[in-house]
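Only this structure's heavy atoms are used, side chains among them; waters, hydrogens and symmetry mates stay out. Labels below follow one simple rule: chain letters A, B, ... track the order of the sequence lines, proteins then strands, and each chain is numbered from 1.
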Protein chains: 2
Amino acid sequence: MSSPLSIACFLMKTRSLSPEVLELVARRFAVLAEPMRLRLLQSLIDGEKNVHTLVGLTGGTQANVSRHLQTLTDAHLLRRRKEGLQVFYAIADPSIFKLCELVCGSLEKEHAARAGVFRGE
Amino acid sequence: MSSPLSIACFLMKTRSLSPEVLELVARRFAVLAEPMRLRLLQSLIDGEKNVHTLVGLTGGTQANVSRHLQTLTDAHLLRRRKEGLQVFYAIADPSIFKLCELVCGSLEKEHAARAGVFRGE
DNA sequence: TCGTTATATGAGCATATGATCATGTAGTTG
DNA sequence: CAACTACATGATCATATGCTCATATAACGA
């Protein structure tokens, strides 16, 4: 309750966050609220990749993948590196994986009594 | 890397999550991607409240607040308790605050060099 | 039963966002 | 310069979602 998170968290837990901050937080969640973008983030876990590779890994069209990469980059979740003809994208904010872990854990608990969708059953 | 989170996280970090799970995760993020819903969650940090109170705290209309409460309840983030004429809502999944903290921390870092929006400056 | 209060919901409108197609742009090679 | 490759983007359509108004439902009291 002291380091980088402190101030915003303190506000979150005690007084009201300003509408502006709520907008920012909501926007961050919205960026993560698309399966294709999650898939792209997941594809980048083991290092930067160019667009062509990501198109192959995700099975999306080039245009669509490119748009989602832009959305993620605009949100500062990815960084872009141009090298000749190719553009390489990489995770810029690893904290997103903690987010996904939390969500997965929560969902897992939630669905624990039901079908084992998380185990591919 | 062993407890409730383990399986989904392992999948998240190593092999591909199934499209179904990606949908679920995306949906969870989508639920959190609305300022009004964040505001409602924030209003419920200090305990359950009825709809009327939440309408007052958030400044929304009764119809709109009711709809968002339903969305949050459907997502299992809130629980509903009816008592006479009133309905009380409460946080059902405290992990959402960890999510918000992570996002706030990330945004704070991101905006550190810019205006101090997090400090209300 | 009738009226009142608290909450939920159907219908409609406005806007936002994702997917696709076609084309544009930048860099490379001949 | 021309052709090619890798990526980005304008235009369009379809869908999803939020907001509002009006009304429905449910529980309570007179």
Residue mapping more 5' on DNA chain C - nearest nucleotide basis, A:Thr61 or B:Asn50: B:Asn50

Close side-chain approach of A:Asp93 to A:His76, heavy-atom, < 4.5 Å: no

Contact check, side chains of B:Leu38 and A:Phe29, non-hydrogen atoms, under 4.5 Å: yes

side-chain contact (heavy atoms from CB on, under 4.5 Å) evaluation trace for B:His68 with B:Asn64: CA-CA 6 Å; B:His68 284 302; B:Asn64 201 30; 3.6 Å; yes

B:Arg28 side chain to B:Ala75 backbone, donor-acceptor under 3.5 Å: yes

N/O (side chain, A:Arg27) to phosphate O (OP1/OP2, C:dT17) under 4.0 Å: yes

No-hydrogen, no-angle side-chain donor-acceptor test under 3.5 Å, A:Thr53 and A:Asn50: yes

Side-chain donor/acceptor of B:Ser106 to backbone N/O of B:Leu102, under 3.5 Å: no

A:Leu32 vs A:Leu41, side-chain contact (heavy atoms from CB on, under 4.5 Å): CA-CA, chis, key distance, verdict: CA-CA 9 Å; A:Leu32 295 171; A:Leu41 291 172; 3.6 Å; yes

Side-chain donor/acceptor of B:Arg37 to backbone N/O of B:Val31, under 3.5 Å: yes

A:Leu69 backbone acceptor or donor facing A:Thr73 side chain under 3.5 Å: yes

B/S/- contact track for nucleotides 25-30 of chain C, protein heavy atom under 4.0 Å: -BBS--

Nucleotide C:dT15, atom C1' - distance to CD of B:Glu34 in whole Å: 12 Å

Please list each protein N or O that sits under 3.5 Å from an N or O in nucleotides 8-13 of chain C, with the distance.
| unit_1 | atom_1 | unit_2 | atom_2 | d |
| --- | --- | --- | --- | --- |
| C:dA8 | OP1 | B:Arg80 | NH1 | 2.3 |
| C:dA8 | OP1 | B:Tyr89 | OH | 2.5 |
| C:dA8 | OP2 | B:Ser66 | OG | 2.8 |
| C:dA8 | N7 | B:Gln62 | NE2 | 2.9 |
| C:dA8 | N6 | B:Gln62 | OE1 | 3.2 |
| C:dT9 | OP2 | B:Gln70 | OE1 | 2.6 |
| C:dG10 | N7 | B:Arg67 | NH2 | 2.8 |
| C:dG10 | O6 | B:Arg67 | NH2 | 2.3 |
| C:dA11 | N6 | B:Arg67 | NH2 | 3.2 |

Atom-pair distance (CG on B:Leu54; P on C:dA6), nearest Å: 14 Å

Contact interval (first through last nucleotide) of DNA chain D with protein chain A, 4.0 Å heavy-atom: D:dT5 to D:dA11

Distance, rounded to the nearest Å, where B:Lys49 contributes NZ and C:dT7 contributes C1': 18 Å

Single-linkage hydrophobic cluster, 4.5 Å side-chain cutoff, B:Phe88 and B:Ile91 together: no

Heavy-atom side-chain proximity of B:Leu44 to B:Leu54 below 4.5 angstrom: yes

